[in-house]
Amino acid sequence: YETSSGPPKWEKTQLTYKILSYTPDLPRRKVDDAIRRALMVWSDVTPLRFRRVYLRQADIEIIFASGEHGDGYPFDGKGGTLAHAFDPGQGRGGDAHFDEDEKWSEIDQDVNLFLVAAHEFGHSLGLGHSDVQGALMYPIYSYQNPETFRLPADDRRRIQSLYGKKSS
Amino acid sequence: FPLQVRPQPWSSLDPEKVKGYLDKFFPTFTKAQNLSIEERIKKMQKFFHLTVTGKLDTETEKILTMPRCGMPDVSE
């Protein structure tokens with residue numbers, strides 16, 4: 001989807017996020033931390049800033065849900081689709097949904113939440129999938145160590161073409 | 001009597017599942033809705049830099065069963 005003025009993007013650099021529900025697979029603080037670090041992947045290379053909110057509506061709202069969860073794009077149980085997220089925009093725009101039927105983890109077993117969240121937030125910011133294997137926005141999940149994760153050049157170039165570079 | 005040749009199943013995967021995958025991740029534009037499954041598989045193989053055959057070979061099947069993001073790979 002592209003508008004006549006280019007791909008959808010946020011017209012502001014200060015964005016808010018809210019975690020509406022949690023997975024029981026991980027302690028809440030680990031989920032909070034994975035989400036925060038996943039957003040940092042993008043804020044580290046652009047002028048974008050993310051602030052967590054608890055009460056009011058946020059630009060990026062995050063849920064864990066199973067099957068049909070109210071957006072017309074039901075999840076499919078364990079395996080297959082892990083998560084999805086909406087392009088920037090009002091209402092559901094920017095929101096990220098994670099399939100609760102997956103087993104979420106902070107390590108290499110099961111599905112690493114940080115890696116999937118970082119990918120989904122790429123969609124929340126306006127990126128589509130990349131056909132470059134190894135790119136974060138490649139659609140197929142593959143594990144890499146979150147401790148040594150660095151945003152691949154393809155993703156960096158694409159996000160910076162939307163929002164510019166982080167000023168030093 | 002000659003043996004009756006049975007058509008080979010084109011894949012071990014359920015054809016409905018394959019179609020479902022293509023509909024979800026490689027949706028067709030209104031004008032191109034008459035694209036054959038073979039053409040749509042080619043489109044998918046091109047995206048994943050696989051050998052473009054239009055057939056569900058082993059490497060294509062492997063991609064179909066891998067865990068992934070739920071967003072389409074090509075724009076609607």
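Proteins get letters first, then strands, A, B, ... in listed order; numbering begins at 1 in each. Given the structure is predicted, the values throughout are model-derived calculations rather than measurements.
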### Query
At a heavy-atom separation under 4.5 Å, does A:Tyr138 approach chain B through its side chain, its backbone, both, or neither?
side chain
#### Entry: Heavy-atom neighbours of A:Lys166 NZ exceed 12 at 6.0 Å
yes
### Query
Is it the side chain or the backbone of B:Lys24 that comes within 4.5 Å of chain A heavy atoms, both, or neither?
side chain
#### Entry: Distance-only polar pair, side chains of A:Thr46 and A:Gln160, donor-acceptor under 3.5 Å
no
### Message
Between A:Leu82, A:Asp131, A:Val132, who has the most heavy-atom pairs with chain B when the cutoff is under 4.5 Å?
### Response
A:Asp131
### Query
For A:Ser142, is it the side chain, the backbone, both or neither that has a heavy atom under 4.5 Å from a heavy atom of chain B?
neither
### Query
Under 6.0 Å from the CD atom of A:Gln90, do we count more than 12 heavy atoms belonging to anything else shown?
no
### Query
Quick one: what part of B:Ile63 sits under 4.5 Å from any heavy atom of chain A, side chain, backbone, both or neither?
both
### Query
Of the backbone (N, CA, C, O) and the side chain (C-beta and beyond), which part of A:Glu120 lies under 4.5 Å from a heavy atom of chain B, both, or neither?
side chain
### Query
Mind checking whether A:Phe64 and A:Trp104 have parallel, tilted or perpendicular rings, split at 30° and 60°?
perpendicular
### Sub-4.5 Å side-chain heavy-atom contact between B:Phe25 and A:His129
no
